Number of protein chains: 2
Amino acid sequence: MAGARAIQKEKTRQAIIEAALSQLTAEHGFSNLSLREVAREAGIAPTSFYRHFSDMEELGLTLVDECGVTLRQLMRKARKRIEKKGSIINTSVETFMEFTQQNANIFRLLLRERSGTSTAFRDAILREINHFKDELTDYLLNESDYDHDTAYALAEGLVTLVFNAGADVLDLPAKKSRLLKQRLIRQLQFIVIGAAVIHKKEQNDG
Amino acid sequence: MAGARAIQKEKTRQAIIEAALSQLTAEHGFSNLSLREVAREAGIAPTSFYRHFSDMEELGLTLVDECGVTLRQLMRKARKRIEKKGSIINTSVETFMEFTQQNANIFRLLLRERSGTSTAFRDAILREINHFKDELTDYLLNESDYDHDTAYALAEGLVTLVFNAGADVLDLPAKKSRLLKQRLIRQLQFIVIGAAVIHKKEQNDG
DNA sequence: CAATCCGGCGTACAACTGTACACTTAACTA
DNA sequence: TAGTTAAGTGTACAGTTGTACGCCGGATTG
């Protein structure tokens with residue numbers, strides 16, 4: 001059974017999610033979205049909102065999950081491209097920025113709301129970003145002979161730089177964002193090379 | 001003339017500023033402060049607020065200026081300590097984290113509101129952070145033979161890492177924040193060494 | 001077919017928001 | 001000392017918010 005009712009419910013649920021995302025602009029963070037405005041944009045009565053979420057916070061957590069999905073897509077795509085093209089840093093940055101701009105609203109949520117909202121919300125976002133760090137750490141552990149702490153420090157540094165650049169690029173004209181991308185690539189090279197050099201030196205000394 | 005009236009005015013102005021700062025918590029960003037609540041905490045009638053600021057936004061910009069002052073104090077102190085103790089990275093991190101915790105609310109504003117509010121507000125914060133980057137760039141240009149672009153990329157990387165760690169540390173238990181600090185120091189070393197190595201190589205190739 | 005379920009609606013209410021306006025009253029000025 | 005200035009007050013209003021409650025009507029179930 002298709003469940004005509006269930007289908008309709010899912011449809012308006014999605015409408016709510018999209019309404020919320022569409023209202024996340026540079027000026028308008030999640031914490032000042034109003035249930036009523038979201039409902040209005042979704043085309044439902046304010047009270048109907050409760051048929052789907054008990055809370056704005058619950059909506060928020062759902063949105064964060066959505067982010068997680070997008071991030072994992074991003075990682076898969078980046079990996080595939082790297083396998084084909086090599087050039088890890090360039091490809092990663094290129095892919096990340098592409099995703100950032102294609103899913104601007106989702107990334108706005110992830111990048112901007114990672115601090116300054118409810119604990120549950122913040123934790124959920126941190127979890128997603130940490131997942132990203134952990135994946136990268138594993139990758140580094142496989143591709144090199146770093147110990148775990150070093151790999152993690154390096155991964156965290158990379159992720160921090162990339163996500164910050166992503167947040168900045170969200171509302172920047174194309175020209176400036178190209179410069180920023182180039183700078184980001186240099187910074188990533190700095191930190192990757194630096195980690196390698198320091199690691200090698202420590203090995204020789206040890 | 002001392003200006004008894006002017007003195008009193010300045011006093012309540014400060015009361016407003018402090019009230020606003022005291023309401024900036026981990027959960028409660030600037031954009032959801034209310035004029036009335038701020039006025040209440042400052043001990044004045046809501047409408048009296050307008051005798052000092054035309055807007056919440058104007059208050060916000062004032063707070064950002066306050067941040068600028070604090071940041072400059074921070075830089076002075078860091079420089080002095082570095083002159084005495086050497087160990088640039090450790091001293092800087094130590095000093096930055098000290099300031100972060102002593103002026104938690106001011107840094108909360110700076111670190112968390114840097115995206116997700118009004119344009120004027122965001123720009124003001126970016127200006128302060130850029131000032132920081134520029135100072136560091138100048139320092140690097142004096143202490144080394146980097147070209148400007150390289151120095152700037154390096155400075156930006158450093159500032160990004162430090163400020164992000166600062167934002168994270170704001171609401172972290174002491175134990176975890178010590179670990180985070182150590183990781184930050186390693187990351188800074190990575191990027192500094194990496195920049196040096198790459199620069200040297202480029203010079204030899206050139 | 002009859003009974004039930006349930007997504008969506010409209011009304012209603014209390015709480016809160018920003019701010020316009022007219023006022024008091026203490027400090028300043030001439 | 002008389003007149004003016006301006007910080008602070010209280011009242012008032014229109015707008016918004018979240019949400020409790022009861023109802024409708026089509027889908028689902030037996």
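Note on naming: letters A, B, ... go to the chains in the order of the sequence lines (proteins, then strands), and numbering restarts at 1 for each one. No experiment lies behind these values; they were computed from the predicted model shown.
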Here's a test of your reading of the structure: between B/Phe49 and A/Asp55, which maps to the more 5' nucleotide of DNA chain D? B/Phe49

Could you tell me whether a side-chain N or O of A/Arg122 sits under 3.5 Å from a main-chain N or O of A/Ser115, the two making a donor and an acceptor? no

Donor-acceptor contact present, side-chain B/Tyr146 to main-chain B/Ala196, <3.5 Å: yes

Can you confirm whether the side chains of A/Ser54 and A/Glu58 place a donor and an acceptor under 3.5 Å from each other? yes

For A/Thr160 and B/Asn164, test the side chains for any donor-to-acceptor distance below 3.5 angstrom and give the result as yes or no. no

Under 4.0 Å between a side-chain N/O of [X] and OP1 or OP2 of [N], yes or no?
X       : N      : value
A/Thr47 : D/dT19 : no
A/Arg40 : D/dT17 : yes
B/Thr12 : D/dG8  : yes
A/Ser48 : C/dG7  : no

Check every strand shown and say whether B/Glu37 touches a base, only sugar-phosphate, or nothing at a heavy-atom separation below 4.0 Å. sugar-phosphate

Mind telling me whether B/Phe53 and B/Phe49 have parallel, tilted or perpendicular rings, with 30° and 60° as the class edges? tilted

Aromatic ring pairing B/Phe132/B/Phe96, orientation class (parallel under 30°, perpendicular over 60°, tilted between): perpendicular

d([atom1], [X]; [atom2], [N]) in whole Å:
X       : N      : atom1 : atom2 : result
B/Ile7  : C/dA27 : CD1   : C1'   : 12 Å
B/Lys9  : C/dA27 : NZ    : P     : 16 Å
A/Ile44 : C/dG7  : CD1   : C1'   : 10 Å
B/Phe53 : C/dG18 : CZ    : P     : 15 Å
B/Asn32 : D/dT16 : CG    : P     : 19 Å
A/Ile16 : C/dG8  : CD1   : P     : 8 Å
B/Arg5  : D/dG8  : CZ    : P     : 10 Å
A/Arg36 : C/dA12 : CZ    : P     : 13 Å

N/O contacts under 3.5 Å, protein versus nucleotides 2-4 of chain D?
none

Test for a donor-acceptor pair under 3.5 Å between the base of D/dG8 and the side chain of B/Arg51, counting only N and O atoms. yes

Residues, nucleotides or ligands: over 12 heavy atoms within 6.0 Å of B/Lys133 NZ: yes

